[in-house]
Every structure is written in C-alpha cells, then in structure tokens.
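So the structure is just underneath, and the comments pick up after that.
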Amino acid sequence: MELNEMEKRMLYQTEGSERYAILHELVMASRYAQNSDRRKAADRLIKKLNALTDDRCMEIVRDIRRNYRLPKGERTVGEMLAEARQRSGAEQLKGHDILALERFEPEVRHMIIFEVLSGDSFAGSKGDRMHQFLTDAGYQKFQDRQEQGEIRIEDHAKVTPGGHLCYDHSRDKDFTR
C-alpha cells in the first residue's frame, strides 16, 4: 500500500494497539484537525486502512512505528512522543493504555501485565501481551485464570489513590520482557 508523507506521519503518531483503535484515532484527527490538508489526509488514510484486514493493517502500523523517520523541522507533542516510543523499542501492549481512565477510578487497586496462554481465553488471543487496571475482585479472577493456565501474570503493581503505581518488584532489577 502506498502512503504519502502526511499519511505516514499521521500513522506514526497513533498509539492504538488494534485496528479499531487506530481507526478511531484517525477519525478524531479528521474531526478535530484545523488544517484542511490534515483532515483530508486522515480521511484518505481511513479509507485505505478500512480496505485491509486487521492483521495487514497492524503489520503496516508496526512497520511505520519501527522504521519511519520524521523529516527535519519542528515537532508536535504527538510526534515527540512517537519518537520516544520508537527510540525505546518498547512493545505496544493490548488492553488498557498506561494512562487509561480506569487507572484513576477509586475502586481500582491493581495493574497487571499478562500474557494470554490459551486459545480460548476470555482476555484475548493466544500470545497477546496485555495491560489491565483491575478492582480487587477483578484481580482475583485473573489470579484464578492464571492457576487454570489460561494466562500468565508477568508484572503487578498496586494502584494507590490518584493512580500512582507501586510495583511488587524493584524497578532496578533487569526486568526484560
């Protein structure tokens, strides 16, 4: 699929980990763009991505995020964040975004990162790595699913009032994924 420079630049800034989230971001970009060229580029990109399968769409998104380089010049905040994500090489997790509104709900007490081990999991597809903010009851359900071999919890943090995370392990350790 051929993308022009503005389409690549827009796709580079998206944060979603699934096709529907990418398309939603582009719809919002189109709706609220003050620049008519940017609005038209978003609309063209939406049409191009709508014609693709989920897997092909995400293959293109991952390629842009990994290999695209912004031209010289000023950067928007979104572009600076996208560059930082690209430099870090961090894997994009499915599920809740790190700053999801769920994180700040008063009853939320846990944040987990987990891998889906079972093909018939309630949480995602086999091999998915996901990020979730949970209540005490929700966390217990995920622990039960781990005991059943459906998922494997890789990381856990307690969520304190205000959405602060207190990890169970030292962040100084080599915690590779």
Side-chain angles (χ1 to χ4, degrees), residues 10-29 45-46 49-50 52-68 78 80-177:
M10 291 181 82
L11 203 51
Y12 177 68
Q13 293 181 68
T14 60
E15 293 185 21
S17 59
E18 296 174 338
R19 181 172 170 254
Y20 76 88
I22 301 290
L23 290 170
H24 179 74
E25 287 182 54
L26 293 171
V27 166
M28 292 296 110
L45 188 52
I46 290 166
L49 296 179
N50 267 330
L52 302 175
T53 65
D54 290 352
D55 290 341
R56 180 66 181 132
C57 175
M58 291 313 299
E59 181 182 311
I60 290 169
V61 169
R62 283 188 294 275
D63 180 59
I64 293 288
R65 287 179 181 166
R66 198 173 23 251
N67 300 314
Y68 179 73
M80 289 187 281
L81 288 170
E83 280 183 318
R85 274 194 310 273
Q86 187 182 55
R87 278 193 309 273
S88 77
E91 176 187 355
Q92 182 85 22
L93 300 176
K94 293 184 177 183
H96 292 148
D97 183 76
I98 192 67
L99 292 176
L101 293 176
E102 290 85 356
R103 175 178 178 165
F104 303 99
E105 291 179 6
E107 61 276 0
V108 168
R109 299 279 185 262
H110 305 273
M111 182 283 303
I112 62 170
I113 295 173
F114 64 97
E115 180 180 0
V116 178
L117 303 175
S118 171
D120 59 347
S121 173
F122 74 104
S125 301
K126 186 174 182 175
D128 283 350
R129 290 191 66 240
M130 302 189 73
H131 188 260
Q132 293 286 315
F133 290 99
L134 304 165
T135 62
D136 288 331
Y139 182 55
Q140 184 59 53
K141 288 179 184 177
F142 275 79
Q143 287 178 314
D144 294 344
R145 299 293 180 138
Q146 179 172 256
E147 286 178 17
Q148 296 168 7
E150 193 173 321
I151 65 165
R152 180 173 50 86
I153 298 174
E154 298 176 357
D155 202 0
H156 173 265
K158 291 183 176 143
V159 180
T160 63
H164 300 285
L165 301 178
C166 299
Y167 286 87
D168 291 349
H169 59 82
S170 169
R171 297 303 275 177
D172 297 331
K173 291 180 184 176
D174 179 25
F175 194 78
T176 56
R177 295 189 224 303

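For the single chain, residues carry numbers from 1 onward in sequence order.
Atom CD1 of Ile112 and atom CG of Asp168 lie 11.5 Å apart (nearest 0.5 Å). A distance of 13.0 Å separates CZ of Phe114 from NE2 of His156, quoted to the nearest 0.5 Å. With rounding to the nearest 0.5 Å, the separation of CD1 in Ile60 from CG in Asp55 is 11.5 Å. Atoms CD and CG, on Glu59 and Leu52 in that order, are 9.5 Å from each other to the nearest 0.5 Å. For the atom pair CD1 of Ile22 and NE2 of His24, the computed distance is 11.5 Å after rounding to the nearest 0.5 Å. The CZ atom of Arg62 sits 11.5 Å away from the CG atom of Leu11 when rounded to the nearest 0.5 Å.
For the residue pair Ala157 and Leu165, the shortest heavy atom distance occurs at CB-CB, 4.2 Å. In plain terms, the two heavy atoms of Gly149 and Leu117 that are nearest each other are O-CB, 3.6 Å. Contact record, Ser17 with Gly95: OG-N, 4.4 Å, taken as the closest heavy-atom pair. Closest non-hydrogen pair, Thr160 versus Cys166, comes out as CG2-SG, 3.8 Å. Across all their heavy atoms, Ile151 and Val116 have their closest contact at CG2-CA, 4.4 Å.
Every residue was checked against the salt bridge (charged side-chain N to carboxylate O under 4.0 Å, His left out) condition with Glu25, not counting sequence neighbours, and none meets it.
The aromatic rings of His110 and Tyr139 sit parallel, their planes meeting at an angle under 30°, below the 60° perpendicular limit.
Within the 3.5 Å criterion, the main-chain N or O of Thr14 finds a donor-acceptor partner in the side chain of Arg65. Gln146 places a side-chain N or O within 3.5 Å of a backbone atom of Ile153 that can act as its donor or acceptor partner. Looking at Arg109, its side chain never comes within 3.5 Å of a backbone N or O of Asp136 through a donor-acceptor pair.
Thr53 and Arg19 form no side-chain donor-acceptor contact under 3.5 Å, judged by distance and modelled atom types alone. In this model, a donor atom of one side chain and an acceptor atom of the other lie less than 3.5 Å apart for Gln140 and Asp144.
In summary, of the residues considered (Lys126, Arg152, Arg129, Arg145), a salt bridge (Lys or Arg N to Asp or Glu O under 4.0 Å) with Glu115 occurs for Arg152 alone.
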